[in-house]
Amino acid sequence: MKPFSQRLLQSVAPIWESKYKHPFVTGLGDGSLPVESFKFYMKQDYVYLIEYAKMFALGSTKAYDLTTSARFAQLQEATLNDEMSLHRQYAERFGITREELEATQPSFVMLAYTSYMLKVAHEGSLADLVSALLPCTWSYWEIGKRLAKVDGAIDHPLYGDWVRMYSSDEFGSLAIWLIELIDQLADGKNEQELARLEEHFLITSKMEVLFWDMAYRQEMWP
């Protein structure tokens, strides 16, 4: 029997393919992405990370064993301190101050995406939480690896650092851990439970596409 993560991946294949071909993503690879779109993305991603870190906190409380709980707690700390610090440093290269990042108002898509994830996390099990969390981490890793193969992408003066970060083995290890975790958590669940997890994965995968759209168009509200 194939791992549940492979079932998830197959269920969203067309959606993820549309992400790989999105002009924001391809623009990161060939350098054609408008700088203003990336700056808008950086601001929205900053407020997204604050909500994303809460998912790790909830994962720590819902974990069934100390090792998993500690890993989620570690991820929350790393996100709030290390990753957000790097985010601020990167933003400075685009003329975005910390004050601007802190004052960023969330877009409709950012609110809808994170509100759904947190609702699932609060109301559901650890498996529900991971299934909603996973598309962001997994798809960023896949995008990073694909873009790293584009000539000149990792050396681009503006977007190269982004490509290097998300194609890195360090980031990949987080994706792999979450993939293996969802496979463990799905083991023994009935079809109704598995279908619910798949639905979470599908919805947040769609939200990822909307996030790229929002950033590319610099759209606060539809």
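FYI, the numbering just counts along the sequence from 1.
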Sequence neighbours excluded, every pair satisfying side-chain hydrogen bond (donor to acceptor under 3.5 Å, both in side chains) that has a member inside residues 143-160: E142-K145
Atom of F201, atom of L9 and distance for their closest heavy-atom approach: CE2-N, 4.4 Å
W212 and F24 aromatic centres sub-6.0 Å: yes
Polar side chain donor-acceptor pair, Y41 to W162, under 3.5 angstrom: yes
No-hydrogen, no-angle side-chain donor-acceptor test under 3.5 Å, D128 and S131: no
Side chains of L28 and F38 in contact at under 4.5 Å (non-hydrogen atoms): yes
Check against side-chain hydrogen bond (donor to acceptor under 3.5 Å, both in side chains), S125 and Y64: CA-CA 10 Å; S125 66; Y64 306 112; 4.8 Å; no
Check: E208/Y113 side-chain N/O donor and acceptor closer than 3.5 Å: yes
Polar contact flag, side-chain donor to acceptor under 3.5 angstrom, T68-D65: yes
Chi angles and distances behind the ring pair (Phe, Tyr, Trp, His ring centres under 6.0 Å) call for Y216, F40: CA-CA 8 Å; Y216 191 70; F40 191 90; over 10 Å; no
Polar side chain donor-acceptor pair, Y48 to S107, under 3.5 angstrom: no
Donor + acceptor pair across side chains of K2, Q10 (<3.5 Å): yes
Residue pair S139 / K19, side-chain donor-acceptor N/O under 3.5 Å: yes
S60 side chain to A57 backbone, donor-acceptor under 3.5 Å: no
E170 atom CD, over 12 foreign heavy atoms within 6.0 Å: no
All pairs passing side-chain hydrogen bond (donor to acceptor under 3.5 Å, both in side chains) where residues 176-188 contributes a residue, at least two apart: S5-D183
Interatomic distance, H87 atom NE2 to L49 atom CG [nearest 0.5 angstrom]: 6.0 Å
Nearest atoms (heavy-atom pairs only) where L101 meets A91: CD1-CB, 3.9 Å
Contact summary for S167 and G144, nearest pair of heavy atoms: CB-O, 3.2 Å
Donor-acceptor pair between S205 and W16 side chains, under 3.5 angstrom: yes
